Amino acid sequence: MTKNPTINPFFLLFLFYRIFFIVAQNTTLIPVHVGVVLDLDTGFGKMGLSCIDMALSDFYASHAGYNTRLVLHKRESAEDVVVAATAALDLIKNEKVQAIIGLESSMQASFVIELGNKAQVPIISFSATSPSLQGLYFFRIAQNDSSQVKAISSVIHAFGWTEAVPISVDNEFGKGVIPYLTTALQAVGARVPYWSFIPSIATDEEIVAELRKLKSMRTRVFIVHMSPYLGSQFFSKAKDFGMMDEGYVWIMTNGMTNGFISSSSSVDIDNMQGVLGLKTYVPITKELESFRARWQAKFRQDNPTIPSVKLDVFGLWAYDAAWALAMAVEKVGTANFRFQKMKYSGNSTGLERLEVSQSGPELVRELSGTRFRGLSGDFRLIDRQLQSSTFQIVNVNGNGERGIGYWTTKKGLVRSIKSNRDTSRHSNSNASLGPIIWPGDTTSVPRGWQISTKGTLKVLVPVKLVYDELVNVTYDSRTGTTNVTGYCIDVFNAVIEALPYPAPFEFHPFTKPNGESAGSYNDMISQVILGNYDAVVGDITIRANRSLYVDFTLPYTEAGVSIVVPVKGNNGAKNTWVFLKPLTWDLWVTSCCFFMFIGFVVWFLEHPKNKDFQGPPHHQIGTSFWFSFSTMFFAHRELVLSNLARFVVIVWCFVVLILTQSYTASLTSILTVQQLQPTVTDVNTLIKNGDKVGYQRGSFTYRILKQVGFQDDKLRAYDSIEELDKLLQDGKENGGISAVFDETPYMKLFVSTYCSKYAIVEPTFKTDGFAFVFQKGSLLTRDFSTAITEVHEGDKMKAIEDKWFKKNESCSNSDTVGSSNTLSLDSFWGLFIVAGVVSSLAILIFTAMFLYEHSHILTRADTEASFWTRIHEILRVYYGKDLTSDISKKSTLQDSDHGIAAAESSPNSSCPPRSSSSSPDPTGPHIVHQELVGTPNSSVHGGDLSPNGQATQDSSTHEYGIELTSSPSGE
């Protein structure tokens, strides 16, 4: 017998409470209507809807206590803009939706955004990425296409490509990124010569026509920005057209690369081998892997007929968008989810009569501030856009894609996302990327452009009648070939060899069928502008008007227009006044003036206490000038006692040393070196004298000569160097010319042929020299300029110049004439200024010291003496120290010596015998130190005799050894 089990009353109570709670909870849930507009018949649309459904299911499973529930109203957009806009309008007017999710394309979103702004309904898209989409109620839960342009430009810059052609679909999605991508490429020095647009529904013929246009360009770097389906069709035709071979570079934007994953069944990877792509980086997490597995199982269960669809980043963004909207709706509350009618005029349209959502502004605010960790990474909106700073760079190879690196806003290009490299340094080097297999199954980095559309450079060369040493075109009638030689051709060949890559070329002479020149140099440049030729090689001068239409390389010759004039031999050694030639007349006059000035300064400083500078006026003047001019040979014998005078003499001796050495060098050069002196060295002299000058026919120097003032009747054109030689030899007297103007390389060639008759004067007018000409924007210009620099730095250029410009060995010592050997005042004015300032300061210092020493004369309390009287007394003191006449003194001393000797020999003499110490020194000259004596009334040399007739000694001694006594009266 079975016993009935008893029911626990507590269990029944718990079960009743649980059922009551669930029923009560269900009665308080608030439905919030949300519209979904997707292309539900495509794999992309089905993937997005599946992710939205799973997001809401997962959200409310983990937030069971929330009072709001999103109710989805699904509409089909049928991949049509009008259908999508109609569906959105229906959802707003009839379903009163508080938000709309979906809108796969930027074109669909563009119109619906306006509806959302009018109805204050947030429009949320996880795949409309065009930067041109803007709106207060538009939320982009995806990466803006403009966020990837810096990553693309970093890749372009890393490989040194200087041009890139973007190829985009011709709609809102393709055009919106144009200004951003162009600016980013220009920031790294890459040009955008052309932007290609492909219709969104393009036929094979339309794609082939555009590919043909792209292939005719030199650029080989292409950036593809279109939908995955159109991109697959485009790459298929590109491969058939031979544009997936070696040398080409293809870069896909993230929209294509991300979409290829979900639409792998419609993409033929074989057509895209070697392509690079940018892909949104999504960190791998356990939650993501779990969701991927659940989604795959659910999607296969719900869509068994399309098993090839795979989850991509757009699906993850759809999941995060639905999650964020559910969070924001809950934060808004439960009382505001309603629409309000607005007052409109009677003639308003249907769109203007849309009701306005009351919860719209608050929902926008809450959604903008939503933060969480989503499946795609950190969910954070700035300006209602999802922010992401990392892209993965992939390389399509084999059956799929292979990651080769990453790009971040902080680090730039990195090999690994976990790189520990210093973030303060932004990398733009291709060394930061992994190995890449490029189109054509090669690992060699493509150059990014081709030398010529036909593979070989078509180089135009001029046919010259004069100066054919630069470019010479000859025809071999037997073989029918053309041979091009010359200085410019050798330089071009050397530059070609210096390029880091092979550059095949072929010369094309610019001639008529009869062999004559087909036109001027400007006509040749026009052929390059028209695209008939790739370059021009020859004696082409860089001119401003030409650079507007073509590109010039760096110049490879000297710049400037020089003058060639006849020369005359140096007969200076036979000239009577040749010794005056080393210095100009102004330097001669200045030097003489300073010699006299320095003599005066030394006399002024030495006169008070130096006996050599005292005496009669003619003696003082002669001594001063003698002293000054003798410094020229450092032969001055007068002692200089004043320190100020010594300083002045030291400075002046330095000036004299420089003058004499320079004079000696210049005179030596004139007398010993055989020189060819130009007959004219100045353009103004030619114009002033009315001389005729020559120019090469067709040269731009004609315009320069007209600008500087030459009249047409003073200008003569020449067609050959023989004609030029005759014109110069005839001279202006015989109807010839006095000088010829032309560019320096031409003049060098002319003088190298007639070096004994002509000389080159320094360049008179500046030009930029000869250069190679390329089409405007040609990528060859930069590489050729670099190669020209390398050739100049080596010995190759010198060897080429010696080959063509040194034909006559006797010309090796004939240098370009720059200026005369005559020295001018301009070279020495600094020395004269120093000497003048030093001398003037010495005079001022001496005068100040002298006045200070005798200031009692100027300041004494003598009311009867006027100012000029005191000045006169000062001058008397200055001159009072003079011994009046040194010459008379010496003669008197000699007479005195004879008188004393007679007195000693006389028996009646009262004078004592002369001391032996006063006798002459037999070893050399000896100055007798004595004081002459006499009667009080007899004065000898201003001295006095004692009353007893004895000679007395004074305690004062003159600087030159003569002991003197002052008279009792004063002086």
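Bear in mind the structure is a predicted one, so any value in this text is a computation, not a measurement.
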request  = Please confirm whether the backbone N or O of Val773 pairs with a side-chain atom of Asp551, one donor and one acceptor, at under 3.5 Å?
outcome  = no
inquiry  = Regarding Arg218 and Ser778, do their side chains bring together a donor and an acceptor under 3.5 Å, going by distance alone?
reply    = yes
inquiry  = Please evaluate residues Thr219 and Glu163 with respect to the criterion side-chain hydrogen bond (donor to acceptor under 3.5 Å, both in side chains), reporting the C-alpha separation (whole Å), side-chain torsions for both, the decisive distance (0.1 Å), and the verdict.
reply    = CA-CA 6 Å; Thr219 305; Glu163 280 189 353; 2.6 Å; yes
ask   = Under the ring pair (Phe, Tyr, Trp, His ring centres under 6.0 Å) test, which residues partner Tyr180, sequence neighbours left out?
value = none
ask   = Where do Thr129 and Asn144 land on the side-chain contact (heavy atoms from CB on, under 4.5 Å) test, with the steps shown first?
value = CA-CA 5 Å; Thr129 58; Asn144 191 323; over 6 Å; no
ask   = For the side chain of Gln148 and the backbone of Asn254, is there at least one donor-acceptor N/O pair under 3.5 Å apart?
value = yes
request  = Any chance you could lay out the salt bridge (charged side-chain N to carboxylate O under 4.0 Å, His left out) test for Glu205 and Lys237, step after step, and finish with the verdict?
outcome  = CA-CA 9 Å; Glu205 290 75 15; Lys237 294 303 174 184; over 6 Å; no
inquiry  = Tell me if a side-chain donor or acceptor on Gln775 pairs with a main-chain N or O of Tyr533 at a distance below 3.5 Å.
reply    = yes
key: Side-chain donor or acceptor of Ser110 paired with backbone N/O of Ser106 under 3.5 Å   = no
key: CG/Asp383: more than 12 non-hydrogen atoms of other groups inside 6.0 Å   = no
message = Walk me through whether Lys279 and Glu401 qualify under salt bridge (charged side-chain N to carboxylate O under 4.0 Å, His left out).
response = CA-CA 11 Å; Lys279 179 180 176 183; Glu401 61 187 33; 2.6 Å; yes
inquiry  = side-chain contact (heavy atoms from CB on, under 4.5 Å) for Phe774 and Val528? Distances and angles first, verdict last.
reply    = CA-CA 7 Å; Phe774 291 96; Val528 176; 5.9 Å; no
key: side-chain hydrogen bond (donor to acceptor under 3.5 Å, both in side chains) assessment of Arg140 paired with Gln385   = CA-CA 5 Å; Arg140 192 198 321 269; Gln385 295 186 112; 2.7 Å; yes
query = Residues in ring pair (Phe, Tyr, Trp, His ring centres under 6.0 Å) with Phe138, at least two apart?
reply = none
ask   = Under 3.5 Å, side chain of Asp80 to main-chain N/O of Val83, donor-acceptor pair present?
value = yes
key: Pairs where residues 239-249 contributes a residue and the test side-chain hydrogen bond (donor to acceptor under 3.5 Å, both in side chains) is met, not counting sequence neighbours   = Arg220-Tyr248
task = Without swapping roles, check the side chain of Ser127 against the backbone of Glu104 for a donor-acceptor pair under 3.5 Å.
result = yes
query = Any donor-acceptor pair under 3.5 Å linking the side chain of Thr182 with the backbone of Ile178?
reply = yes
query = If you look only at pairs with a residue in residues 167-178, which of them pass as a side-chain hydrogen bond (donor to acceptor under 3.5 Å, both in side chains), with sequence neighbours excluded?
reply = Ser132-Glu172, Ser168-Trp195, Asp170-Lys175
inquiry  = Could you check whether atom CG of Asn532 has more than 12 heavy atoms from other residues, nucleotides or ligands sitting under 6.0 Å from it?
reply    = yes
key: Donor on one side chain, acceptor on other, Thr280 and Asn258, under 3.5 Å   = yes
ask   = Around atom CZ of Arg380, are there more than 12 heavy atoms of other residues, nucleotides or ligands at under 6.0 Å?
value = no
remark   = For Trp438, the ring pair (Phe, Tyr, Trp, His ring centres under 6.0 Å) test, sequence neighbours excluded, returns Phe159, Trp161
message = Suppose we call two aromatic rings close when their centres sit under 6.0 Å apart. Are Trp449 and Tyr501 close by that rule?
response = yes
message = Checking the side chain of Gln186 only, and the main-chain atoms of Thr183 only, is there a donor and an acceptor separated by less than 3.5 Å?
response = no
query = Is it true that a side-chain atom of Thr442 and a backbone atom of Ser444 form a donor plus acceptor pair closer than 3.5 Å?
reply = yes
query = How are the rings of Trp407 and Phe391 set relative to one another: parallel (under 30°), tilted (30 to 60°) or perpendicular (over 60°)?
reply = tilted
request  = Establish, for the pair Arg292 and Trp295, whether the NZ or CZ atom is under 6.0 angstrom from the six-membered ring centre and no further than 45 degrees off its axis.
outcome  = no
Ionic contact status for Lys215 with Glu210, cut-off 4.0 Å = no
pair Arg191-Thr162: side-chain heavy atoms closer than 4.5 Å = no
query = So does Lys458 pair up with Asp534, basic N to acidic O under 4.0 Å?
reply = no
ask   = If only atom types and distance count, is the side chain of Ser368 paired as donor or acceptor with the main-chain N or O of Val364 below 3.5 Å?
value = yes
request  = Could you list the residues that satisfy ring pair (Phe, Tyr, Trp, His ring centres under 6.0 Å) with Phe222, not counting sequence neighbours?
outcome  = Trp250
task = Evaluate the side-chain contact (heavy atoms from CB on, under 4.5 Å) criterion for residues Phe173 and Asp145: first the C-alpha distance (whole Å), next the side-chain angles of each, then the deciding distance (0.1 Å), finally the verdict.
result = CA-CA 9 Å; Phe173 169 69; Asp145 282 339; 3.3 Å; yes
